[in-house]
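Since the structure comes first, as structure tokens, the remarks are kept for the end.
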Amino acid sequence: MSEPKKTGVYLCRCGGNISDAVDLQSVADSLKGENVVVNIQDYLCSSAGQDKIKSDIEKGKIDRVVIGSCSPKLHLETFRGMVKEAGVNPNLLEITNIREQASWVHDKDGKDSVNSKVKGLIKGAVARMDSIEPLVPLEKKLVDRTLVVGGGIAGITTSLEIADEHEVILIEKQPYLGGHMIGLSKTFPTLDCSQCILTPKMVAVHNHPGIIMHTQTEVADVSGSPGDYSITLKHSPRYVDIEKCISCGACTRKCPTGAIFLPFAQAVPQAYMIDMSKCDHCGACVKICPRDAVNLEAKEETSTISVGAVAIATGFEPIDPSFIEEYNYPSPNILTAVEFEDMLSAKSKTGMRLQKADGTFPDRVAFVLCAGSRDFTGKGRKHCSKVCCIYSQKQAQLVKKMKGDAEAWIFYIDMRSAGRRFEEFYHHTQEKGVNYVRGKVAEIIPKQDGTLTVQYEDTNLGRKGREIFDMVVLCPALIPSSGTKELADKLGVQLGDDGFIEEKHVKLDPVNTLNQAAFAAGCVLGPKDIHDSVTEGISAAHKVSQFLGKGMILIPPEKPMILECNGCGDCVKACPYNALALEGRKAVLSLLACTGCGICVPACPIKGIEIRNFTRNQLKAQLKAMLAEAPGVVVFIDPYAYAAADIAGVNRKQYSSLVRFVSLPSIHILDADVVNAAFEYGATGVMLIEGTTDEKLTLSSDELYKRLKKDTRKHKKPLRYSHIETAQYEKLTDLLNVFASQAGAKAEKRSRKEKEEGTQEGIAEAT
Amino acid sequence: MQKENIVPESRDNAFRDLIIKTPGGRNIPTCMQCGICAGSCPVNHEMDYTPRELVRMIQLGLKKEVLSSNTIWICTTCFSCSVRCPRGIYPTELMETLKPIAMSEGIRNRNAKFDNVFADVIKKNGRASEFLLISKYSISEPGMIKQAPFGLALFSKGKLPLSIDKMEDVRELDAIFKLGEKSVDKEAKESTVAKESKETAPERSPKENEGQEAEK
Ligand SMILES: Cc1cc2nc3c(=O)[nH]c(=O)nc-3n(C[C@H](O)[C@H](O)[C@H](O)COP(=O)(O)OP(=O)(O)OC[C@H]3O[C@@H](n4cnc5c(N)ncnc54)[C@H](O)[C@@H]3O)c2cc1C
Ligand code: SF4
Ligand code: SF4
Ligand code: SF4
Ligand code: SF4
């Protein structure tokens, strides 16, 4: 590295988003005397902004770039692509986040404090830029196969759209495809029959040569890395071989307990199955089956597949409304909207007839909206479930259609019918004579005779009302299906605080996740209708194809360097991913297996291992420059928790401007050297915050913390560890505030004590 | 009931902000007018405004109507509204907040009588006496004559003792009442102060406040 290094620092006003809170000119001025070129732009991401950087590079003014702007999540790739074109190694451009993690979150603090934070961050970044080396990302071959999890309409669409170009494995935990849609009656806003539009799609999945489909299957384990996953699937037994069964039904006729059955006539796959809780092992079905398809001894099985990408389409489930005590669910004739749909769907057990518990038609039906949605007390869910306003009107229309003089009442708070054709649908339902009451139902009281009293306030009139119904349909909050969190954790995919999958970018990257090889579609991203689920399925398929189409995946080059080795093998034992091995009494690294977690760094007793561009000296240089500007609380943070801090920023959650984030690939690369240096350079406290859900790492976090605590004790300054998942951004800001104030109080106490001791010494000297 | 149009002059933002700052008032701005409070209220029909309407009127700062409504005096503090409100509003606590403000503003309401008689009896004797309470209330509320047979029946069964219990030293209680009145006065004063200062501080959740205090 003999060429002269000169860093260009580019600060973005972000149209006031940054410059209203930060005096960028003073930040620029503070860099005078350093070996840098400084420039401020209105919008760095605009072509004018980018052209400026490019031309500075091309003119030879600079060969490294530090950008002070919004989160790297938004534009890092754009900027790096641009410098690459101009001939600079992309790694020699880094972004310091001064919007989500500075200008948006310190309203309560004085401008001076925010300014000195930003100055420190930028100086740290410049020092870091001086010390790091150009790196070339590693390439790894992708496995050209996708796992789609969930066989609802979103998963079906995703699979079909991918399968012409890339192999697909589709897994579904139920014994049949279709998800909730196969349990729907008619579909709004056009009222076409759900199974009529869905069945052709399910059959297409079944027949497509590029799709392997497994029902009653879930993900048990994920290993490997993005682009090259090895996934273990768990298959529950069906006891009937899907390939052999020809659905003749001979078994059902022989079975004395009704344990063997076809889920429903149009079910895909078309094969019988056994409910083992009913089977008494008489073997009648085994004997009668002409195809020898029945196996009563079938056991749960596992299989392992190799895939490059995963599309998550695990959909939703209705919340169990029994927690709403005043609604008395479950009771005869009080049902959820999903149960209502079921009765009138392909899956119907009543011969597609709407009926009360006693088998007769309900003449008066009430629909109770927002049952568990829009609730900010912690009992229900905060979000609006989006589809209930419209489907309840569909159901009301169906009631009227089945019996002209039947009454249908809809109790709503706000009738949300935004979207093409929906207001017309609302109007049409009104014309059909459905009764609308604006008011949330207060109580549903079951009576002896099976009828139900519904009590409410008609908020348009300000008067309380009471009506008697034959059936009450609750429209429950729609929540992510159970198991979504476990799956997301296995894949390193983040969830929002509502439990739905967090998009890579809410608006601009709606079907990508923070894991570049994981995508999502349908209601697992939030409640929506079929139209939107299908749209997302198509989008996710496009994104998957785009990803797999590259054939190669770039893996971050920030990997360990083994600089010195005495062959002790401690690192080999420490590495949770089996990426290190001893060969001829020297540790050698398998680059592709290594995740760059850095556990090996502190494990090496002779400090022979360093992570490229995160070496001890590089980190120390950054900390020194950063803290020389002003002391603060140093928060070492991993990418997952960093994302939480970004969400806190987007939500303008305020916290102390003493907080200085130092971004690391993982907190496990830290040892006492670096933390002690932070204290020496003036940190009033140090926090380690990680958000990864990878147990291979988090299981050793406690040990890491204890070790650091012991080895940095001499400074008598606070050190804390915390695990914060991306969704927990509020917990993060609370924690930062409490820690910053504690660290501040401790620092003050210490300086007072020092002063006292100082004066005492002074007196002692005088006498 | 005559209802006035809502014009800028009918709204009192300082009143609204004052109520929002009270313990039961923090979530008032988030009321979505769902009406589950009113639908749950056992005495809703006796009220001139339903609990939901009362919350709406506070959102708008309709001070006069809020403080002179009988709703706050009719409420039985059964808490049905508060346990069901999906936005975490406590209409029950609001009623308790509004009563002393109405009184200190000198707003009379015939439904306040019972509260007043009750307070009088306590002030004089330091203890509640059912006999005194019923007889005094009956004098001020002629409609009570209809309840006379019921009262006699209670009396004949020994459920309405004539004894009047008294505290040993009622002056001790006086001191407590004085303190209470002082704080009511203070609240009323604050309400006028808040009215005068045009700019009102943006509301923060107590959680945030905690953080801020901890920082100091
Ligand atoms: C009562 C009601 C009526 C509706 N009516 C209409 C209507 O008329 N028109 C309309 O457009 N929309 C309607 N909708 C919305 C519609 O149902 C959804 O848009 C659609 O079903 C979403 O499809 P999905 O594939 O995203 O999710 P889902 O249908 O929930 O499918 C998810 C699938 O994933 C499977 N799964 C879940 N977890 C796992 C796991 N861990 N491993 C493997 N598989 C898993 C599930 O078993 C399921 O099959 C209605 C919704 C409700 C609740
Ligand atoms: S869609 Fe309608 S019924 Fe459903 S939660 Fe939203 S507002 Fe309530
Ligand atoms: S960085 Fe992590 S995965 Fe890579 S060799 Fe070291 S311990 Fe193993
Ligand atoms: S229950 Fe709560 S949100 Fe609903 S109207 Fe009453 S106060 Fe407002
Ligand atoms: S607490 Fe008062 S306002 Fe609320 S429901 Fe009970 S009586 Fe009605």
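Chain identifiers are assigned alphabetically (A, B, ...) following the order of the sequence lines, protein sequences preceding nucleic acid strands; residue numbering begins at 1 within each chain.
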**Item:** Residue part contacting chain A, namely of B/Arg87, when any heavy atom lies under 4.5 Å
**Value:** both
**Asked** Would the number of heavy atoms belonging to other residues, nucleotides or ligands and lying under 6.0 Å from CZ of B/Phe150 be above 12?
**Response** no
**Request:** Could you tell me whether the side chain of A/Arg438 and the main chain of B/Gln33 form a donor-acceptor pair under 3.5 Å?
**Result:** yes
**Item:** Set of residues satisfying side chain to side chain contact (heavy atoms under 4.5 Å, CB included) with respect to B/Leu152, sequence neighbours excluded
**Value:** none
**Any side-chain heavy-atom pair of A/Glu326 and B/Ser40 under 4.5 Å** = no
**Item:** Greatest number of heavy atom pairs closer than 4.5 Å to chain B - which of A/Lys382, A/Arg463, A/Glu443
**Value:** A/Glu443
**Item:** Choice from A/Asp375, A/Asp458, A/Ile324 maximising heavy atom contacts with chain B below 4.5 Å
**Value:** A/Asp375
**Asked** When you look at NZ of B/Lys64, are more than 12 heavy atoms from neighbouring residues, nucleotides or ligands closer to it than 6.0 Å?
**Response** no
**Asked** Is it true that atom CZ of A/Phe323 has more than 12 heavy atoms of other residues, nucleotides or ligands lying nearer than 6.0 Å?
**Response** yes
**Asked** In terms of heavy-atom contacts, does CZ of B/Phe118 have more than 12 from other residues, nucleotides or ligands at under 6.0 Å?
**Response** no
**Asked** Just wondering, are more than 12 heavy atoms of other shown residues or ligands nearer than 6.0 Å to CE in B/Met144?
**Response** yes
**Asked** Do A/Glu325 and B/Val83 come within less than 4.5 Å of each other through their side chains, counting heavy atoms only?
**Response** no
**Message:** Are there over 12 heavy-atom neighbours, none belonging to B/Tyr90, within less than 6.0 Å of that residue's OH?
**Reply:** no
**Complete:** Heavy atoms of B/Ile36 and A/Val441 approach each other most closely as CD1-O, 3.3 Å
**Asked** Should we say atom NZ of A/Lys379 is surrounded by more than 12 heavy atoms from elsewhere, each under 6.0 Å from it?
**Response** yes
**Prompt:** Of all heavy-atom pairs between B/Cys34 and A/Ile413, which one has the smallest distance, and what is that distance?
**Reply:** CB-CD1, 3.7 Å
**Request:** Please report the shortest heavy-atom distance between A/Gly462 and B/Arg52, naming the atom on each side.
**Result:** CA-NH2, 3.5 Å
**Prompt:** With distance as the sole test, does B/Arg84 use its side chain to make a donor-acceptor pair with the main-chain N or O of A/Ala442 at under 3.5 Å?
**Reply:** yes
**Asked** Can you check whether B/Cys41's main-chain N or O pairs, donor with acceptor, with A/Lys464's side chain at less than 3.5 Å?
**Response** yes
**Message:** For the CG atom of B/Asn44 and the CD atom of A/Glu457, what is their distance to the nearest 0.5 Å?
**Reply:** 6.0 Å
